[in-house]
Every structure is written in C-alpha cells, then in structure tokens.
Amino acid sequence: MGFPILKNDRLIRALLRQPTDTTPVWIMRQAGRYLPEYREVRKQAGSFLDLCKNRELACEVTLQPLRRFALDGAILFSDILTIPDAMGLGLYFVEGEGPRFERPLRSEADIRRLGVPDPSDSLRYVTDAISLIRRELDGKVPLIGFSGSPWTLSTYMVEGGSSKEYRHIKGMMYRNPAALHQLLQKLAQSVTAYLNAQIEAGAQAVMIFDTWGGVLTPQTYRSFSLDYMSRIVAGLKREHDGQTIPVTLFTKGGAQWLEAMADSGCNALGLDWTIDIDEARGRVGDRVALQGNLDPCVLYADPDAIRTMAQDIITRFGNHPGHIFNLGHGIHQTVDPDHLGVLVDAVHEAGYEIRQ
C-alpha cells in the first residue's frame with residue numbers, strides 16, 4: 001500500500017525550481033528543544049539517543065511543530081551521528097557539552113577496522129521512523145530525510161566529539177591524507193546507502209549537512225568535503241514511486257564555494273546568514289534552488305523586526321522560482337515559539353505579495 005497523495009507540494013516544487021503560489025518555509029531543528037512539548041517527550045524517552053531510536057517518539061516530535069505552525073515541510077527527527085554510532089564508536093551525549101565517542105579514530109588501523117553499516121540492520125530504526133512519519137503526515141507536507149556529510153562526520157569521529165581547534169582531524173589531513181581519504185570513502189558509501197534507504201522508506205527530499213566544511217581551506221574543502229558530497233549526490237536515487245527526489249547541500253561557512261557546490265549535481269544549496277541571498281542567486285543563476293537564510297538570532301527580535309527581515313530576504317530573492325525560506329542554521333533552544341509562528345506567517349504573506 002502506497003502513501004497518500006501530497007497535498008502541499010510547495011517545498012518540492014521550489015526545490016525543483018518550479019513556480020509556487022508563495023515561498024515555502026521550514027526551519028532547521030524545527031523539532032527540538034525550543035518547544036515545551038518536545039521537552040516533555042524528551043523526558044519520557046529517558047535520553048536523546050533513546051528518543052532518536054524510538055520510532056513512535058521520533059514520529060511524535062517530528063509532527064509537533066506542524067501542529068503549531070503552517071510549515072511546508074517536515075524533517076525527520078534524528079541526529080547526524082547515527083552512521084558513526086552504527087559503526088560502533090560508542091556514541092553518547094554529555095549534558096551541556098554535546099556528543100562524545102568512546103572510541104575515536106586516531107590511527108589508520110582504527111579506520112581500516114571500520115565497516116560500512118547496513119541501513120536495513122543497524123539503522124533500521126531510522127527507516128522505520130520515516131515510514132511511520134509518512135503515514136502519520138497523511139500527505140499534509142513532504143518529509144525531508146538527511147545525513148551529515150563525510151567531512152563533518154569524520155570530524156566528530158576523529159576528534160571524539162565537538163572541537164574548536166580540529167587538531168586531530170586536521171593533523172590527520174595534513175600528516176596522513178591517505179588515511180583520511182580512506183575514512184571519507186567509507187563514509188561516502190555509508191551516507192549514500194543510508195540516504196537511499198531513507199528515500200525507499202518514504203523521504204521525499206534529502207539534505208546533506210556539511211556543518212564543519214567552513215573550517216577548511218579552499219583547496220582542502222574541495223578535496224576532503226565537496227568531492228565526497230558530489231559522489232554521494234551521483235549515487236542517490238533521484239526518483240522514487242514516480243516522484244523526483246530533490247537533494248540539498250548545505251555547507252555552513254561555505255559561501256565562497258557556491259559555484260563549485262552548484263556543479264555537484266544537487267538541486268538546491270542551503271545558505272547560512274553570511275551572504276546576501278541576492279548575491280548568491282547572482283552567482284549561481286538558475287542552476288540550483290536556494291534555501292535560507294535568516295540569522296537565527298533574528299527570532300529574538302520583536303515581531304515587527306522579524307517580519308521586516310523576512311520580507312527583506314524574500315524581496316532580495318525576487319519573483320523567481322527556487323526559493324525555500326529557512327534560517328541560516330538551526331533554531332536556538334531559547335527562542336520563543338510564538339516568534340517562529342510570526343516568521344512563518346510573514347514568509348507566506350511576503351511570498352504571496354511578491355508573486356502578484
């Protein structure tokens with residue numbers, strides 16, 4: 001039995017650079033700690049990882065923001081570190097500090113021992129959650145699947161957690177690039193299989209988050225990050241159940257590489273807040289759609305300021321197909337949820353107006 005017909009296809013149409021009646025909007029980390037109802041479910045789950053691995057609870061928190069706001073897409077509630085966890089590195093989370101690995105990769109021998117996880121086995125909880133979410137969405141909006149990029153995953157796996165200096169991963173990159181390329185190749189294979197499994201389970205669009213690509217030099221970005229994302233894009237299922245599956249790449253701090261990213265074969269590029277969207281569009285032209293790119297801290301402003309800054313981004317993009325409104329990164333956990341409601345409504349109103 002198939003899934004219900006999609007009722008609101010604005011997001012998919014915009015990702016494919018097709019005309020829409022208004023600007024679609026969804027928000028990175030829209031299912032998360034800024035919502036009191038999420039915090040309640042998180043307590044019920046016992047831990048963040050247990051929440052990710054419980055398909056019913058992951059479904060519930062995925063749907064929570066859609067009950068509050070007129071968002072045009074749902075994004076799977078999960079974590080970018082599911083693949084390293086499935087590789088056996090011992091993922092755990094420290095309150096207030098973020099993810100940690102019990103067994104970080106510090107040698108070529110560590111990397112050689114890694115296998116490519118089978119999504120139908122160690123990551124089955126993710127695809128099960130996707131299928132459940134699709135059924136519960138009942139065609140209301142499309143569901144976005146995602147993964148971290150190989151470079152971003154490798155930074156956590158080699159550093160053992162978050163980092164400010166990246167001394168272990170960059171040390172490996174400059175000291176033993178062959179070892180790092182071996183790791184990145186395994187991760188590219190893993191991400192490709194993982195995203196294809198998400199698509200088969202019901203994800204209607206997918207996104208690759210390259211959170212730490214911006215810490216690289218121009219030369220190392222291309223060889224250690226973008227090249228592997230391009231390989232993933234080339235290996236993805238771009239059609240499923242008769243529908244095109246759009247792919248979005250997002251490199252935080254990656255504005256200098258937009259042209260090269262647009263050549264990857266993706267459908268859309270995510271933008272952070274460090275570039276004006278009209279400049280970005282001028283550089284990539286009609287090759288890809290653009291997603292973004294409001295500074296998340298704007299949501300701490302008063303409603304009138306939120307409306308003004310949202311309208312500015314939509315005006316800068318202009319009356320062209322291919323804009324998906326989003327923040328330049330994830331929503332902050334201390335934001336007033338009502339302010340997100342103001343933003344979503346403002347985006348739709350401004351999007352309608354510019355198309356008149």
Side-chain angles (χ1 to χ4, degrees), residues 25-71 73-103 119 122-138 140-141 143-148 152-153 156 160-162 194 198 201-203 207 209 211 296-297 299-300 326-327 329-344:
V25 53
W26 70 276
I27 301 297
M28 286 186 271
R29 294 184 185 151
Q30 67 187 25
R33 293 176 291 177
Y34 73 104
L35 290 176
E37 56 266 42
Y38 167 87
R39 296 193 292 270
E40 287 301 313
V41 175
R42 167 69 174 75
K43 285 181 193 172
Q44 179 186 344
S47 74
F48 176 75
L49 267 181
D50 288 339
L51 176 54
C52 290
K53 293 182 178 183
N54 182 313
R55 68 171 192 161
E56 286 80 15
L57 296 184
C59 176
E60 167 61 21
V61 295
T62 298
L63 299 178
Q64 283 176 346
L66 300 176
R67 298 183 188 125
R68 276 188 180 246
F69 315 114
L71 295 157
I75 184 164
L76 164 71
F77 179 82
S78 187
D79 192 82
I80 64 169
L81 299 180
T82 50
I83 286 176
D85 182 47
M87 288 176 157
L89 300 192
L91 175 65
Y92 66 100
F93 287 82
V94 178
E95 194 66 35
E97 295 183 20
R100 293 284 184 272
F101 285 108
E102 294 173 3
R103 294 173 289 281
S122 53
L123 292 165
R124 177 70 179 268
Y125 65 92
V126 176
T127 53
D128 284 350
I130 287 173
S131 296
L132 178 59
I133 294 163
R134 274 294 304 273
R135 289 197 298 273
E136 293 298 315
L137 279 171
D138 195 30
K140 180 179 180 180
V141 294
L143 175 62
I144 305 163
F146 71 92
S147 174
T152 291
L153 297 180
Y156 285 103
S162 300
Y194 183 47
Q198 291 187 32
M207 183 165 173
F209 286 91
T211 311
C297 288
L299 291 176
Y300 292 120
N326 210 309
L327 302 180
H329 202 239
I331 187 170
H332 296 168
Q333 67 184 78
T334 50
V335 161
D336 181 344
D338 290 342
H339 285 201
L340 178 54
V342 169
L343 176 65
V344 171

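Just so we're clear, the structure is a prediction, and the values are computed from it rather than from any experiment.
Using a 4.5 Å heavy-atom threshold, the side chains of Val41 and Gln64 count as touching. Annotation: side chain of Tyr194 is in contact with side chain of Thr82 (closest heavy-atom distance under 4.5 Å). Residues Arg42 and Phe48 have side chains in contact (heavy-atom distance under 4.5 Å, counting atoms from C-beta outward). Counting only heavy atoms from C-beta outward, the side chains of Ile133 and Cys59 approach each other to under 4.5 Å. Taking the side chain as every heavy atom from C-beta outward, Leu153 and Leu81 approach each other to under 4.5 Å. Residues Val344 and Gln30 fail the side-chain proximity criterion, which asks for heavy atoms closer than 4.5 Å. For the pair Val126/Pro119, no side-chain contact is recorded, criterion being any heavy-atom separation below 4.5 Å from C-beta on. Here the side chains of Val141 and Leu71 are not in contact, with every heavy-atom distance at 4.5 Å or above.
Using modelled atom types, no side-chain atom of Gln198 and backbone atom of Ala203 make a donor-acceptor pair closer than 3.5 Å. Put simply, the side chain of Asn54 gets close to the backbone of Glu56: a donor and an acceptor are under 3.5 Å apart. At least one donor-acceptor pair closer than 3.5 Å links the side chain of Arg39 to the backbone N or O of Arg33. In this structure, the side chain of Ser131 does not engage the main chain of Asp128 through any donor-acceptor pair within 3.5 Å. Checked by atom type and distance alone, the side chain of Asp79 never pairs as donor or acceptor with a backbone atom of Leu49 at under 3.5 Å. Thr152 contributes a side-chain N or O that, together with a main-chain N or O of Thr211, makes up a donor-acceptor pair within less than 3.5 Å.
One finds no salt bridge joining Arg67 and Glu37 here, because no Lys/Arg side-chain nitrogen approaches an Asp/Glu carboxylate oxygen to under 4.0 Å.
The two residues Pro99 and Tyr156 make their nearest non-hydrogen contact at CG-CE2, 3.8 Å. Here the closest heavy-atom approach between residue Ile75 and residue Leu143 is recorded as C-CD1, 4.1 Å. Residue Gln44 comes nearest to Leu57 through the heavy atom pair NE2-CD2, 3.7 Å, listed as atom of the first residue, atom of the second, then distance. Nearest approach of Asn326 to Met28, heavy atoms of both residues: OD1-N, 3.0 Å. In plain terms, the two heavy atoms of Ala86 and Ser122 that are nearest each other are CB-OG, 3.5 Å. Scanning both residues, Phe77 and Cys52, for their nearest heavy atoms gives CE2-SG, 3.9 Å.
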Mind running side-chain contact (heavy atoms from CB on, under 4.5 Å) on Met87 and Ile83 for me, showing each step along the way?
CA-CA 6 Å; Met87 288 176 157; Ile83 286 176; 4.2 Å; yes
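Rounding to the nearest 0.5 Å gives a distance of 11.0 Å between CG of Asp138 and CG of Leu63. Note: Tyr34 OH to His339 NE2 = 13.5 Å, rounded to the nearest 0.5 Å. From Ser47, atom OG reaches atom NZ of Lys53 across 8.5 Å, with rounding to the nearest 0.5 Å. Annotation: the span from Arg103 atom CZ to Leu91 atom CG amounts to 10.5 Å, rounded to 0.5 Å. Rounding to the nearest 0.5 Å gives a distance of 9.5 Å between CG of Leu137 and CG of Leu132. To the nearest 0.5 Å, the span separating CD on Glu60 from CD on Glu136 amounts to 9.5 Å.
With no hydrogens or angles considered, no side-chain donor-acceptor pair links Tyr125 and Ser78 at under 3.5 Å.
Annotation: Arg124, atom CZ; neighbour count of heavy atoms from other residues, nucleotides and ligands within 6.0 Å does not exceed 12.
The aromatic rings of Phe146 and Phe209 stand perpendicular to each other, their planes meeting at an angle above 60°, with 30° marking the opposite boundary.
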